[in-house]
Amino acid sequence: MASPQPDLASTLEEIREVRRIGLVRLRGRPLPHLESAAAVAVTGARTPGAAVESLLRRAVSLLDEGTLRTAAEYTLGFAQGTRDWPASSRRARAASVYGVSVERFRKDHEVMVLGQVAEHVVRLAVAPAEREAGEGAPPGGERVRGAVTHRTVRVLVGDRQVVLTVHMHPVDLLRDVDVVVSPINVHLALPEAYKSSVAASLRRAATVWGVTGDVIEDPVHDGLREWAAEHDTSGRAVLPGTVVATGSGALTAQGVRRIYHAAIAVPRAGTNDYDVLPTHVTAAVSRTFAVLAEESGRTAPPLRSVCFPLLGSGRGGLPYHVSLGAVWAAVEAELARGADRDVHFVVRTPEAAALVARIASGIRP
């Protein structure tokens, strides 16, 4: 019997069922329309349930950054630490993203959020076949058609070849990377955990939550405050390029051991905007390696791997190629002197991933 063709109404109804039962109870549930869509859009998943989860994760990642995507991540349990939350707790947290009551969210915002996810699922399922990026998914990896979520890039640095790893997915999905670098402003002021920036995502992922959504520990916030008090900078700006190391909280379960906060964003007086200079990005990356070397001597095993987003390319306004050029200048200098570092990049768009992949032939717009 042929698999049903995905249509918007049936797909939306099955997504609502996923919201109700949660990801931890997804395996073995009959979801024929989502399974049909996943059969077209996802390869490499070992079970129908895993394929459906990957499809939904991809659909959510295509939503506009901000309240819409964040609410969808909480609603479906993709936000770090919410996978096993009951549906009522996930709904309550999603409602708080919009600042509305749970009942209003259920009747209005949730319908809109899940409807947007359903539209992307249908588009992924009916999009014409395109040439896949790369020759194949990496060993043990998973590919959504049109995008490889992990790839390696070989680059000649000095007289040796080094391998860079490129991740194209949300930063809070990183696994087994010792240090993740997070951009922050020079006042070391964190965004709220429900926002969509790299810093907010890492703060949210590091936070230890109770089963009802209460914050038990906020280690990134607390770590930054402790550092500021120790260095007598509370209430004052630090120099651009400063790097502050904190613990990673709940991310330790994913193999992320430290978060390095790179102070690169300088608030523009009288506005909500920031200025980021490429020279400050390069200085922060260089300082990152210095802090990594200092801390490695005090950890077992030593810290070796580090992951960079394209610093300053969000609200800082730097074009991707400018940000990457500023980051790579310091990375290349570190690797050229023979440092044994495992360097990763994490990006959110195919455009940014393709740019990192072209490092070997030169960075250009």
Side-chain angles (χ1 to χ4, degrees), residues 64-67 69-70 170-172 174 179-207 218-246 248 258-292 306-331 344-349 352 355-356 363:
D64 290 341
E65 291 191 17
T67 52
R69 185 191 295 173
T70 302
V171 67
D172 54 3
L174 285 170
V179 175
V180 182
V181 178
S182 178
I184 198 169
N185 61 63
V186 293
H187 293 278
L188 305 183
L190 283 169
E192 294 299 326
Y194 59 78
K195 294 192 175 181
S196 62
S197 65
V198 168
S201 295
L202 287 172
R203 179 184 185 181
R204 182 169 62 246
T207 297
D218 191 356
V220 171
H221 173 273
D222 296 344
L224 286 171
R225 298 286 72 79
E226 290 169 6
W227 188 94
E230 180 182 347
H231 292 81
D232 195 26
T233 64
S234 299
R236 297 186 292 115
V238 300
L239 290 175
T242 298
V243 173
V244 178
T246 69
S248 58
R258 301 289 279 169
I259 300 175
Y260 286 2
H261 305 270
I264 58 170
V266 180
R268 193 180 302 163
T271 74
N272 293 322
D273 300 322
Y274 296 93
D275 290 318
V276 176
L277 297 181
T279 53
H280 293 159
V281 171
T282 301
V285 175
S286 181
R287 180 60 186 158
T288 292
F289 286 116
V291 175
L292 185 65
V306 58
C307 184
F308 297 97
L310 294 188
L311 296 168
S313 65
R315 288 187 62 191
L318 294 182
Y320 286 152
H321 72 280
V322 174
S323 170
L324 180 58
V327 173
W328 179 243
V331 171
H344 299 242
F345 288 90
V346 60
V347 298
R348 289 299 299 267
T349 68
L355 189 65
V356 179
I363 301 167

Does the side chain of Pro267 come within less than 4.5 Å of Val186's, by heavy atoms? yes
Does Ser323 use its side chain to pair, donor to acceptor, with the backbone of Leu311 at less than 3.5 Å? yes
Distance, nearest 0.5 Å, that separates CG of Leu224 from CG of Leu190: 5.0 Å
For residues Val306 and Tyr260, determine if any side-chain heavy atom of one lies less than 4.5 Å from a side-chain heavy atom of the other. no
Distance in Å, Leu310 CG paired with Leu324 CG, rounded so as to fall on 0.5 Å steps: 6.0 Å
With a 3.5 Å distance limit and no angle check, can you tell me whether Arg203 reaches the backbone of Pro191 through a side-chain donor-acceptor pair? yes
State, to 0.1 Å, how close Ala263 and Asn185 come at their nearest heavy-atom pair, and which atoms those are. CB-O, 4.0 Å
Pairing residues for Thr282 by the side chain to side chain contact (heavy atoms under 4.5 Å, CB included) criterion, not counting sequence neighbours: Ala326, Ala329, Ala330
Mind checking what makes side chain to side chain contact (heavy atoms under 4.5 Å, CB included) contact with Thr279, not counting sequence neighbours? Leu277
Are the side chains of Cys307 and Leu174 in touch, meaning some heavy atoms are under 4.5 Å apart? yes
Looking only at heavy atoms, what is the nearest atom pair of Val198 and Pro183, with distance? CG1-CD, 3.8 Å
Trp227 vs Thr233 side-chain heavy atoms within contact, under 4.5 Å: yes
Between CG on residue Leu318 and CD1 on residue Ile264, distance to nearest 0.5 Å: 7.5 Å
What pair of heavy atoms forms the shortest contact from Leu202 to Val220, and how long is it? O-CG2, 4.5 Å
List in chain and number order the residues that pass salt bridge (charged side-chain N to carboxylate O under 4.0 Å, His left out) with Arg258, two or more places apart in sequence or in another chain; answer none if no residue qualifies. Glu295
Quick one: list whatever passes side chain to side chain donor-acceptor pair (under 3.5 Å) with His187, sequence neighbours left out. none
List the residues meeting side chain to side chain contact (heavy atoms under 4.5 Å, CB included) with Thr67, not counting sequence neighbours, and say none if there are none. Val97, Tyr98
Quick one: pull up CZ in Arg225 and CD in Glu230 and give me the separation to the nearest 0.5 Å. 13.5 Å
Among residues at least two apart in sequence or on other chains, which ones pass salt bridge (charged side-chain N to carboxylate O under 4.0 Å, His left out) with Asp222? none
Answer yes if the ring centres of Phe289 and Phe308 are under 6.0 angstrom apart, and no otherwise. yes
